[in-house]
Amino acid sequence: MNSFFDRIRYKYMQFMRGRYGFDELSKKMIIWSLIFFTASVLIRGLWFLYPVGCVLVMWSYFRCFSKNVYKRSKELIAYNGFLTKNKKKLALLRRIWKERKTYKYFRCKNCGAFWRVPRGIGTTEIKCKICKEKMIRKA
């Protein structure tokens, strides 16, 4: 009986030779499609999420069985770049929300850097450490 499963595994390995296979992006697409399927079934007004979930599943399997490894690798690199860029922004937003009662955050008009000032000190002058721009703000 073990040889039967060995033959199936060998045939699968032969089929997948030269193909891209599952990666992190494909897994995330499958997870999001399951979320979309569940939301479309549980909430009546979200019927349009079902076709979106179907497209995500099809695209994920297309990526898995694709023989164009170079393009799939570039897609994964672009996805990871997008993710890291947005993770930093999301972490900053979480920090601002967490410290909203004790600190006031200001953005430099010149370079775009964020600076925090303790709340309740009144009007203060903030000097950007990156571009040396001076701002007078109320904290």
Side-chain angles (χ1 to χ4, degrees):
M1 194 68 169
N2 195 12
S3 63
F4 172 74
F5 292 115
D6 287 340
R7 282 184 285 171
I8 290 176
R9 193 178 95 211
Y10 177 75
K11 295 225 185 232
Y12 177 72
M13 287 171 49
Q14 289 291 358
F15 174 73
M16 288 301 288
R17 181 173 289 150
R19 298 182 191 273
Y20 188 66
F22 274 104
D23 60 353
E24 193 63 32
L25 178 57
S26 296
K27 290 175 188 175
K28 296 283 182 177
M29 289 168 64
I30 294 289
I31 290 170
W32 277 105
S33 66
L34 290 174
I35 291 170
F36 288 159
F37 288 149
T38 305
S40 69
V41 169
L42 295 179
I43 303 169
R44 277 184 188 231
L46 299 179
W47 59 269
F48 59 89
L49 291 180
Y50 189 82
V52 173
C54 291
V55 169
L56 283 176
V57 167
M58 288 188 284
W59 184 252
S60 176
Y61 278 103
F62 169 76
R63 291 187 81 249
C64 174
F65 297 127
S66 173
K67 288 192 173 187
N68 194 344
V69 176
Y70 178 72
K71 280 190 177 180
R72 303 297 86 84
S73 298
K74 286 191 75 149
E75 289 172 358
L76 181 64
I77 290 169
Y79 167 73
N80 285 334
F82 173 78
L83 209 66
T84 55
K85 185 174 87 171
N86 288 330
K87 275 185 180 180
K88 291 177 185 178
K89 289 180 182 177
L90 188 60
L92 177 67
L93 288 175
R94 282 185 187 147
R95 183 176 172 193
I96 290 172
W97 180 256
K98 190 177 179 181
E99 298 176 347
R100 71 187 183 278
K101 294 180 181 176
T102 55
Y103 291 99
K104 179 104 175 171
Y105 280 80
F106 298 105
R107 179 180 224 145
C108 179
K109 291 180 183 177
N110 199 16
C111 67
F114 279 93
W115 303 105
R116 70 179 189 170
V117 176
R119 284 190 178 269
I121 61 170
T123 303
T124 184
E125 181 178 302
I126 306 164
K127 184 177 179 184
C128 181
K129 295 175 185 172
I130 297 173
C131 66
K132 311 299 186 214
E133 181 78 18
K134 291 184 180 180
M135 305 173 271
I136 298 175
R137 300 289 170 102
K138 183 180 176 184

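What you see is a predicted model, and the numbers here were worked out from it, not measured in a lab.
- When hydrophobic clusters are built by joining Ile, Leu, Val, Met, Phe, Trp and Tyr residues whose side-chain heavy atoms come closer than 4.5 Å, directly or via intermediates, Met16 is not grouped with Phe62.
- Taking the ring axis of Trp97 as reference, the NZ or CZ atom of Arg100 stays within 45° of it and closer than 6.0 Å to the ring centre.
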Can you give me every donor-acceptor pair (side chain of residues 38-55, partner residue at least two apart or in another chain, under 3.5 Å) with its distance?
| from | atom 1 | to | atom 2 | distance (Å) |
| --- | --- | --- | --- | --- |
| Thr38 | OG1 | Leu34 | O | 2.8 |
| Ser40 | OG | Phe36 | O | 3.3 |
| Ser40 | OG | Phe37 | O | 2.8 |

For residues 125-139, run the donor-acceptor check on the side chains, cut-off 3.5 Å, and write out each pair with its distance to 0.1 Å, sequence neighbours left out.
| from | atom 1 | to | atom 2 | distance (Å) |
| --- | --- | --- | --- | --- |
| Lys132 | NZ | Lys129 | O | 3.3 |

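- Under the 6.0 Å distance and 45° angle rule, Arg72 does not count as a cation-pi partner of Tyr20.
- Within a 6.0 Å sphere centred on CH2 of Trp32, heavy atoms belonging to other residues, nucleotides or ligands number 12 at most.
- Annotation for Ile121 and Pro118: closest pair CG1-O, 3.5 Å, computed over non-hydrogen atoms.
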Yes or no on side chain to side chain contact (heavy atoms under 4.5 Å, CB included) for Leu83 and Lys87, after CA distance, side-chain angles and deciding distance?
-> CA-CA 6 Å; Leu83 209 66; Lys87 275 185 180 180; 4.1 Å; yes
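- Ile30 contributes atom CD1, which lies 12.0 Å from atom CD1 of Ile35 (distance to the nearest 0.5 angstrom).
- Using modelled atom types, one finds no donor on one side chain facing an acceptor on the other under 3.5 Å when comparing Tyr79 with Glu75.
- Hydrophobic clustering (ILVMFWY, side-chain heavy atoms < 4.5 Å, transitive): Ile31 and Met58 are in distinct clusters.
- Side chains of Arg9 and Phe5 form no contact here, defined as non-hydrogen atoms less than 4.5 Å apart.
- Taking OG of Ser60 as the start and NZ of Lys28 as the end, the distance is 12.5 Å to the nearest 0.5 Å.
- Between Phe65 and Phe22, the distance from one ring center to the other does not fall under 6.0 angstrom.
- To the nearest 0.5 angstrom, Glu99 atom CD is 14.5 Å from Lys104 atom NZ.
- Open room surrounds OH on Tyr61; 12 or fewer heavy atoms of other groups in view lie less than 6.0 Å from it.
- How far CZ of Arg63 is from NZ of Lys71: 12.5 Å, rounded to the nearest 0.5 Å.
- Rounding to the nearest 0.5 Å gives a distance of 11.5 Å between NZ of Lys27 and CG of Leu25.
- If you check the side chains of Asp6 and Ser3, you find no donor sitting under 3.5 Å from an acceptor.
- A donor-acceptor contact shorter than 3.5 Å links the side chain of Arg107 to the backbone of Gly112.
- Here the straight-line distance linking atom CD1 of Ile8 with atom NZ of Lys11 works out to 9.5 Å at 0.5 Å rounding.
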